[in-house]
K.L.:
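Attaching a single structure in structure tokens format; questions to follow.
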Amino acid sequence: MSKTRDAIINGKAVLGIELGSTRIKSVLIGEDGVPAASGAHDWENRFEDGIWTYALEDIWGGLQDSYTKMAEDVKATYGVEITSLAAIGFSAMMHGYMVFDKSGQLLVPFRTWRNTMTEQAGRQLTDLFQYHIPQRWSIAHLYQAILNGEAHTSKIDYLVTLAGYIHWQLTGQKVLGIGEASGMFPIDIQTKDYNRRMTEQFDACIADRGFSWKLRDIMPKVLVAGDDAGTLTQEGAKRLDISGKLQAGIPVCPPEGDAGTGMAATNSVAVRTGNVSAGTSVFGMVVMEKELSKVYEEIDLVTTPDGNLAGMVHCNNCTSDLNAWVNLFQEFAESLGMNADRNRLFDVLYHKALEGDKDCGGLLAYNYLSGEHVTGFETGRPLFVRKPDSSFNLANFMRVHLMASLSVLKTGLDLMLKEEGVKADRICGHGGLFKTKGVGQSILAAAIDAPVFVMETAGEGGAWGIALLASYMVHKAEGESLDDYLNHKVFAGQEGTRIDPDPADVKGFDEFLAVYTAGLPIERAAADHLK
């Protein structure tokens with residue numbers, strides 16, 4: 001406590017802030033990388049005019065509230081106030097589309113990763129580049145807007161993601177960490193920059209449109225972990241800390257997306273390591289030794305924060321539908337006059353799933369709150385189905401929703417780990433699905449048929465991950481790699497809890513997935529007929 005208090009007083013603490021899908025979290029760490037204080041602001045995306053979006057006022061109001069609550073936690077715990085910091089890092093949901101004109105005005109509402117209306121653009125760009133371009137990538141959104149003839153495309157001066165936008169507004173620097181940049185446009189692993197051949201192909205493809213801009217002119221500069229990414233400006237300090245106590249001039253690390261911060265938070269930046277982040281959405285990543293043998297629509301190629309190639313399977317849906325069912329159980333309990341503690345409710349229901357039949361007893365669920373590109377759905381309808389003779393009980397009901405949350409992920413990871421033979425010495429789980437000890441972890445182990453580790457710090461999430469990246473920037477030794485820094489100065493001696501796959505669980509998941517795949521036409525019918 002005394003050491004941490006001194007670090008805060010002397011401006012040696014480091015702050016990480018991540019804007020996630022449902023929560024904006026601020027985590028303050030000491031010089032040892034251990035979380036010292038935190039604050040969070042809950043928010044939700046809006047579905048307006050057919051677009052999943054967040055309003056600018058929600059972004060800034062949420063960011064300020066998260067910081068304020070963290071500062072209040074510091075004062076309550078240590079009796080001091082924050083005036084300066086050693087470094088700051090900003091992170092957010094990867095991908096998406098934010099475009100601005102020369103005056104810095106947002107041209108169209110922020111289009112998040114969750115939107116699935118860029119199928120035409122993604123398909124055409126994949127054919128053009130011979131490189132998989134997912135629908136949620138910034139370049140797919142840009143090209144789809146061009147194909148749609150949207151008038152704003154001729155006025156674009158800057159194209160960036162949410163993390164890059166926050167960084168730009170608070171530092172004045174138009175830069176992006178390489179991991180986040182790899183979710184905007186393909187990266188050349190050798191040059192650690194946007195792929196030159198592909199940028200030239202894109203410019204040639206749209207040359208007949210007569211735009212005044214070239215692609216590289218409107219995208220942020222690419223930086224790797226540890227690079228200088230600017231400092232907090234006077235205006236930025238006032239915009240972040242509405243109390244006015246925070247000083248300007250604090251170094252800010254390259255902004256990263258939630259994939260990169262997840263890798264940092266789980267010590268998964270080295271080759272043959274991987275992680276699964278499971279919350280509102282779910283993605284699994286493995287840092288690869290070599291390129292894949294061919295293009296897979298189900299596998300994205302992105303990078304670690306220090307520029308290593310990683311295969312990524314991203315699914316739009318994970319725990320949202322599962323959480324909705326838990327909410328229903330909570331409402332039922334409260335209707336009976338019971339004070340149902342939410343954490344206790346999750347704990348009881350999740351553990352109940354471990355009592356269920358390995359194949360879920362013939363129950364079937366699709367958690368598609370929104371579209372799911374891996375299985376070919378542009379829109380989603382959450383769905384629960386059973387046969388008259390299915391074993392319909394609470395254990396199977398909870399188990400089927402947990403397994404449904406990971407089924408699309410398993411489809412993609414099977415291609416990478418089994419068909420391509422990508423090697424992973426360890427997979428680390430983090431995110432909301434793993435908060436109930438041992439449950440989500442054992443389900444994931446069954447899904448990927450591999451050991452899964454969960455660290456005690458896994459619940460800290462991406463805000464802690466971006467704080468570690470900011471700490472690396474200011475505390476790394478000369479020539480020290482990000483992998484070495486994390487291994488020796490953050491995770492030394494931490495292995496986490498390991499769960500090996502149970503062969504019966506693996507067999508049950510495979511049997512369930514066969515039923516799940518065969519039943520996809522049911523989900524299609526729901527999407528087609530429930531308008």
Side-chain angles (χ1 to χ4, degrees), residues 276 278 282 284 315 317-333 340 344-369 372 374-375 377 380-414 418 429 432-450 452 499-527 530:
V276 169
V282 60
C315 312
N317 303 280
C318 186
T319 60
S320 292
D321 188 45
L322 178 60
N323 292 345
W325 284 108
V326 175
N327 290 342
L328 191 69
F329 286 120
Q330 183 175 22
E331 184 180 346
F332 170 72
R344 171 68 175 153
L345 196 60
F346 270 101
D347 191 55
V348 169
L349 291 172
Y350 271 44
H351 277 100
K352 195 70 181 177
L354 298 182
E355 302 173 15
D357 297 322
K358 303 300 186 182
D359 64 352
C360 303
L363 305 186
L364 183 59
Y366 296 97
N367 63 332
Y368 297 5
L369 199 69
E372 196 57 80
V374 173
T375 47
F377 286 84
R381 299 292 182 270
L383 196 63
F384 170 68
V385 184
R386 66 186 176 102
K387 297 180 294 183
D389 61 347
S390 296
S391 180
F392 185 36
N393 55 44
L394 182 59
N396 283 337
F397 184 81
M398 291 308 301
R399 190 175 185 89
V400 76
H401 282 92
L402 280 164
M403 287 172 65
S405 297
L406 296 174
S407 289
V408 180
L409 177 73
K410 174 177 171 58
T411 300
L413 286 179
D414 279 354
K418 295 179 180 179
L433 187 70
F434 304 103
K435 285 184 179 178
T436 300
K437 197 169 185 178
V439 180
Q441 189 177 359
S442 65
I443 298 291
L444 177 60
I448 63 176
D449 192 14
V452 175
I499 288 184
D500 293 306
D502 181 327
D505 285 343
V506 174
K507 181 174 181 290
F509 208 126
D510 286 341
E511 291 171 349
F512 170 75
L513 190 65
V515 176
Y516 181 97
T517 303
L520 283 170
I522 306 170
E523 174 67 19
R524 173 59 62 194
L530 291 175

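Nothing fancy with the numbering, it's 1 onward along the sequence. Nothing here was measured: the structure is a model prediction, and the numbers come from that model. Atom set for the values below is all heavy atoms of this structure, side chains included, hydrogens, waters and symmetry mates excluded.
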K.L.:
Just verifying a value: how many Å separate Tyr516 OH and Leu364 CG, rounded to the nearest 0.5 Å?
P.N.:
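If we round to the nearest 0.5 Å, Tyr516:OH and Leu364:CG are 8.0 Å apart.
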K.L.:
Can you give me the closest heavy-atom contact between Ala278 and Phe434, atom names plus distance?
P.N.:
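Closest pair (atom of Ala278, atom of Phe434, distance): CB-CE1, 3.8 Å.
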K.L.:
CE/Met398 to CZ/Phe346 distance, rounded to the nearest 0.5 angstrom?
P.N.:
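Atom-to-atom, Met398:CE and Phe346:CZ are 8.0 Å apart.
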K.L.:
Is there a side-chain contact between Leu322 and Tyr350 in this structure, where contact means two heavy atoms from C-beta onward sitting under 4.5 Å apart?
P.N.:
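Side chain of Leu322 against side chain of Tyr350, heavy atoms only: contact under 4.5 Å found.
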K.L.:
Any non-hydrogen side-chain atom of Val400 less than 4.5 Å from a side-chain atom of Phe384?
P.N.:
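SC-SC contact between Val400 and Phe384 confirmed.
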K.L.:
Tell me whether the guanidinium CZ or amine NZ of Lys358 lies under 6.0 angstrom from the six-membered ring centre of Phe509 and within 45° of its axis.
P.N.:
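Verdict for Phe509: no cation-pi partner in Lys358.
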K.L.:
How about Lys418: does its NZ atom have over 12 heavy atoms from other parts shown lying under 6.0 Å from it?
P.N.:
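Yes, NZ of Lys418 has more than 12 neighbouring heavy atoms, counting only those of other groups under 6.0 Å.
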K.L.:
In the structure I gave you, are the side-chain heavy atoms of Ile522 and Leu383 within less than 4.5 Å of one another anywhere?
P.N.:
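Result yes, sub-4.5 Å side-chain heavy-atom pair found.
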K.L.:
Between Arg399 and Asp505, does any NZ, NE, NH1 or NH2 come within less than 4.0 Å of an OD or OE carboxylate oxygen?
P.N.:
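The answer is yes: the pair qualifies as a salt bridge.
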K.L.:
Identify the two heavy atoms, one from Asp359 and one from Glu511, that lie closest to each other, and give their separation to 0.1 Å.
P.N.:
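Minimum heavy-atom separation between Asp359 and Glu511: CB-OE1, 3.9 Å.
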K.L.:
Can you see which heavy atom on Leu409 is nearest to which on Leu444, and at what distance?
P.N.:
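What the structure gives for the nearest pair is CD2-CD1, 4.3 Å.
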K.L.:
For the atom pair NE2 (His351) and NZ (Lys437), what is the distance rounded to the nearest 0.5 Å?
P.N.:
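One finds 9.5 Å between NE2 of His351 and NZ of Lys437.
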K.L.:
Please determine whether side-chain contact (heavy atoms from CB on, under 4.5 Å) holds for the pair Asn317 and Val408, giving the CA-CA distance in whole Å, both sets of side-chain angles, and the decisive distance to 0.1 Å.
P.N.:
CA-CA 9 Å; Asn317 303 280; Val408 180; over 6 Å; no
K.L.:
Output the distance between atom OG (Ser442) and atom CG (Leu402), rounded to the nearest 0.5 Å.
P.N.:
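Reported value, rounded in 0.5 Å steps: 8.5 Å.
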K.L.:
Could you tell me if the side chain of Thr375 sits less than 4.5 Å from the side chain of Tyr366, heavy atoms only?
P.N.:
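Result no, sub-4.5 Å side-chain heavy-atom pair not found.
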K.L.:
Can you name the nearest heavy-atom pair linking Ser390 to Gly362, along with the distance?
P.N.:
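It is OG-O, 3.1 Å.
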K.L.:
Is the closest side-chain donor-acceptor distance between Thr436 and Asp347 under 3.5 Å?
P.N.:
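Distance-only check fails for Thr436 and Asp347.
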K.L.:
Please report the closest heavy-atom contact between Asp321 and Pro382, naming both atoms and the distance.
P.N.:
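Distance-wise, the nearest heavy atoms are OD1-CB, 3.5 Å.
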K.L.:
Is it true that Asn396 and Asp357 share a donor-acceptor pair across their side chains at a distance under 3.5 Å?
P.N.:
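There is such a pair between these side chains.
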K.L.:
For the CG atom of Leu433 and the OG atom of Ser405, what is their distance to the nearest 0.5 Å?
P.N.:
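Between Leu433 CG and Ser405 OG, I get 6.5 Å after rounding to 0.5 Å.
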K.L.:
How many angstroms lie between OG1 in Thr319 and CG in Asn367, if you round to the nearest 0.5 Å?
P.N.:
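One finds 9.0 Å between OG1 of Thr319 and CG of Asn367.
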K.L.:
Taking the basic N atoms (NZ, or NE/NH1/NH2) and the acidic carboxylate oxygens, is any pair closer than 4.0 Å for Lys410 and Asp510?
P.N.:
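So Lys410 pairs with Asp510 through a salt bridge.
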K.L.:
Show your reasoning for whether side-chain contact (heavy atoms from CB on, under 4.5 Å) applies to Asp500 and Val452.
P.N.:
CA-CA 7 Å; Asp500 293 306; Val452 175; over 6 Å; no
K.L.:
Mind checking whether Phe329 and Phe397 have parallel, tilted or perpendicular rings, split at 30° and 60°?
P.N.:
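Rings of Phe329 and Phe397: perpendicular, over 60°.
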K.L.:
Could you tell me whether Arg381 sits above the aromatic face of Tyr368, with NZ or CZ closer than 6.0 angstrom to the six-membered ring centre and within 45 degrees of the axis?
P.N.:
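The answer is no; the distance or angle limit is not met.
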K.L.:
Taking all heavy atoms of Ala445 and all of Pro501, pick out the closest pair and write down the distance.
P.N.:
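In this case the closest contact between Ala445 and Pro501 is O-CB, 3.4 Å.
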